[in-house]
Chemist: 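Let me begin by handing over the structure; questions about it come next.
All heavy atoms count here, side chains included; hydrogens, waters and symmetry mates do not.
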Amino acid sequence: MDHKGEILEKAVRESGIRIADLAKKLRISRGTLYNRFEEYNLDWSFMSEVGKIINKDFSYLFTDIPKSVSNLNNDVQDNAQEFKTLSDCTKELLATQRKYIALLERHNQLLESR
């Protein structure tokens, strides 16, 4: 297994963002960020959060990331629809809204039946 902390640190340095700025965006101290760089097996949520800030996707680098997480972008792109008109978009939005309302109503019914 690769040293995730070192890989993350290298990516951060290549991104050009200052360590102090990254730490501030993560709401941690610079020292804590340096300590995270020393960790061999960083958790995926931290790497993902850093990746969002520096615009880097780390999912392809690691085989131990849950499939549902690593394929999220692919799934979204595969299931995305291209709307040709505003009317098409509006129809899809209203259909989704109806489904959501039905789900909420069913949820409330289940809560009331308890």
Side-chain angles (χ1 to χ4, degrees):
M1 186 188 298
D2 296 317
H3 190 297
K4 292 179 182 175
E6 289 177 355
I7 292 169
L8 185 65
E9 181 178 15
K10 181 180 179 193
V12 168
R13 295 196 183 279
E14 288 174 354
S15 76
I17 191 170
R18 294 178 49 227
I19 299 294
D21 294 337
L22 178 60
K24 186 175 182 179
K25 288 181 181 190
L26 293 168
R27 294 177 303 281
I28 60 176
S29 69
R30 282 180 39 220
T32 299
L33 183 55
Y34 282 116
N35 288 340
R36 299 301 305 262
F37 290 154
E38 296 297 318
E39 292 180 32
Y40 184 82
N41 194 21
L42 282 172
D43 60 287
W44 169 245
S45 61
F46 182 75
M47 293 189 68
S48 178
E49 189 174 359
V50 172
K52 288 176 188 173
I53 294 169
I54 66 172
N55 296 317
K56 177 135 177 110
D57 178 17
F58 294 102
S59 64
Y60 68 94
L61 292 174
F62 306 105
T63 58
D64 61 336
I65 295 170
K67 184 174 176 58
S68 61
V69 173
S70 66
N71 289 332
L72 182 61
N73 288 337
N74 293 338
D75 291 345
V76 169
Q77 289 172 355
D78 291 344
N79 294 324
Q81 296 180 11
E82 289 189 33
F83 298 106
K84 304 249 187 272
T85 65
L86 179 58
S87 176
D88 290 343
C89 184
T90 302
K91 287 177 189 174
E92 185 65 28
L93 179 61
L94 290 173
T96 303
Q97 182 184 32
R98 283 191 298 275
K99 290 176 187 176
Y100 180 70
I101 290 170
L103 181 65
L104 284 176
E105 288 172 350
R106 179 69 180 133
H107 175 73
N108 287 335
Q109 289 172 353
L110 289 171
L111 289 176
E112 289 173 1
S113 68
R114 286 183 151 195

Chemist: Salt bridge check, Arg13 against Glu9: does any charged N sit closer than 4.0 Å to a carboxylate O?
Modeler: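 Arg13 and Glu9: salt-bridged.
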Chemist: Could you give the distance from CG (Leu93) to OH (Tyr100), rounded to the nearest 0.5 Å?
Modeler: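 Output value for this atom pair is 13.0 Å.
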Chemist: For the residue pair His3 and Glu38, what are the closest heavy atoms and their distance?
Modeler: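 Closest heavy-atom pair between His3 and Glu38: NE2-O, 3.4 Å.
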Chemist: State the CD-OG1 distance between Gln97 and Thr90, to the nearest 0.5 angstrom.
Modeler: 11.5 Å
Chemist: What I want to find out is whether Arg36 reaches Glu39 closely enough, with some N-O distance under 4.0 Å, to be called a salt bridge.
Modeler: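 Judged by the 4.0 Å cut-off on N to carboxylate O distance, Arg36 and Glu39 do form a salt bridge.
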Chemist: Could you state the interatomic distance from CD1 (Ile101) to OG1 (Thr96), rounded to the nearest 0.5 Å?
Modeler: 11.0 Å
Chemist: Which distance, rounded to the nearest 0.5 Å, do you find between the NZ of Lys24 and the CD1 of Ile53?
Modeler: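 One gets 12.5 Å once the value is rounded to the nearest 0.5 Å.
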Chemist: Taking all non-hydrogen atoms of both residues, which atom of Ala23 and which atom of Leu33 are closest, and how far apart?
Modeler: N-CD2, 4.0 Å
Chemist: Do Lys91 and Ser87 pass the side chain to side chain contact (heavy atoms under 4.5 Å, CB included) test, and can you show the C-alpha distance, the side-chain angles, and the key distance before you say yes or no?
Modeler: CA-CA 6 Å; Lys91 287 177 189 174; Ser87 176; 3.6 Å; yes
Chemist: Do you know the tightest heavy-atom contact between Ile54 and Ser15?
Modeler: CG2-OG, 3.7 Å
Chemist: Going from NZ on Lys52 to CG on Leu26, what distance comes out if it is rounded to the nearest 0.5 angstrom?
Modeler: 11.5 Å
Chemist: Hey, what do you get for NZ (Lys4) to CD1 (Ile7), rounding to the nearest 0.5 Å?
Modeler: 8.5 Å
